[in-house]
Amino acid sequence: MSKKFWEILPQGAVVLEAGSSAKFKTGTWRSMRPKWIEENCIQCMFCWMYCPDMSVKVNAEGKREDFDYDYCKGCGICALECPGKKGNKAIVMEEEGK
Amino acid sequence: MGKIVAVTGNEACAYALKQINPDVCAAYPITPATDLMQRFSGYVSNGQVDTELVLVESEHSAMSACIGAAAAGGRVATATSSQGLALMWEMLYIAAGTRLPIVMPLVNRALSAPLNIHGDHSDGMGARDTGWIQIYSENAQEAYDNLVQSFRIAEHLEIRVPAMVCMDGFIVSHSIERVEYIDDADVKNFVGKFQAVHPLLDLEHPKSYGPLILADLYHEYKRAQHEVMTKVSGVVLEVAAEFEKMTGRKYGLFEEYRLEDAEIAIVVMSSAAGTTKDIIDQYRDKGVKVGLLKPRMFRPFPFTQVAEALKHVKAIAVLDRADSFGGYGPLFSEIAGAVMSMDHKPAMINKIFGLGGRDYLPDQAEQVIDELIKIAKTGKVEAIKEYIGVRE
């Protein structure tokens, strides 16, 4: 006998798969997009520290790389906190889709 | 054979918890359930149980701690009353939706305002839609027996639903009655070893509890939750049959008292059923064919079975020890729902009685039966909902 759709749901909505949140992309509702300007970056890691969602990627050498846009919601905290190089911001916010 | 003792309802329930020895118990004392947890905490401090007793700062935290402990993989119990249950409200839904088999004696008490500590069913009725199994007890013996059975019911692998075992505040919780205890070994054997489903403490198999489920799946989860509740009756009867084998005491989804050939019937839950039975006996002696239906399992409500049991009566009075302001009493609504499926619908009246611990007196039962006799004769109902035992 084939089961109805709601009969195969896990009991109590318990998620039995570890790390499944990685599959849930949460960057889709972003309206503003942070842009990284590498030449202005002093690798201070303020953006990495302030990002509420781990959207600032850091490589094995400990250097900052470009944003992970799958999870960035465009809150702009990184751009606000970025000291830049001699007053020139390394992160600026742009309108999404432009 | 167990021993026969003279104890209060609270004492009997605390003793049942001692015999069951749950892994975790998180509780916040509230009258009239205070005494139950106080006695149980005595067992904990005397080393008679090895339960982890979590002393929290509110009932909301008590239920939250119970949910955490149950998700971790423990057998969990707590107890509460009235405002305490009301404060647990949002967590009750989470316990049920997450399918955690927590067991909770509920010592029924009125809800504020005005502040009142005495027995009525307002608290239990407020929690009727939370997805918990609700079992009501007439006296201390039933409260004790139901509590022992409720662990087996809630933890049954086919259902896994939390259960509350209700008894009337003070009337049962604080009155001393004759109670027959089951032997410790028999209780232990009856409830068995707890089997956790997806315990969080199983570190080899990581998992997440409490995900966000939006419009794409929530509807299906609720449909599934209802389906689980349709299986509860079967489990309750299965457990009751085993319990009867052990103790000789028989339980069903509801009790029928002289109902088989009755022409008129009273439906009432908990302690008031005892008084009603006495008056029914008196009227039976006079040749009046009156019977009683005492619901035991209120949630899920056994609609079809109740309809079958009441199908031959001409008039029914449903006595509610709780009110739904601007609506009929909660029990009346259920019985009306059950009657919906009948071909010949009996006349029905609803009486609200005993609020805030007001005594339910034999003459009130007489008054109701007299009215039912009249209704059965004439077929006329004057007022569907009325308050009895109220100062006019």
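Because the structure is predicted, anything quoted here is derived from the model rather than measured.
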Subject >> B/V197 versus chain A, the contacting section by heavy-atom distance below 4.5 Å >> reply: side chain
**OP:** Calculate, to the nearest 0.5 Å, the distance between atoms CG and CZ belonging to B/L212 and A/F24 respectively.
**Re:**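 It comes to 6.5 Å.
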A quick test of your reading: do over 12 heavy atoms of other residues, nucleotides or ligands sit less than 6.0 Å from [atom1] of [X]?
| X | atom1 | answer |
| --- | --- | --- |
| A/M54 | CE | no |
| A/F46 | CZ | no |
| A/E38 | CD | no |

**OP:** Go through A/A18, A/A13, A/G19 and name the one with the most non-hydrogen pairs under 4.5 angstrom from chain B.
**Re:**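 Max contact count across the listed options: A/A13.
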For chain A and chain B, give me every donor-acceptor pair shorter than 3.5 Å, distances to one decimal.
{"unit_1": "A/V15", "atom_1": "N", "unit_2": "B/S208", "atom_2": "O", "d": "2.8"}
{"unit_1": "A/V15", "atom_1": "O", "unit_2": "B/S208", "atom_2": "N", "d": "2.8"}

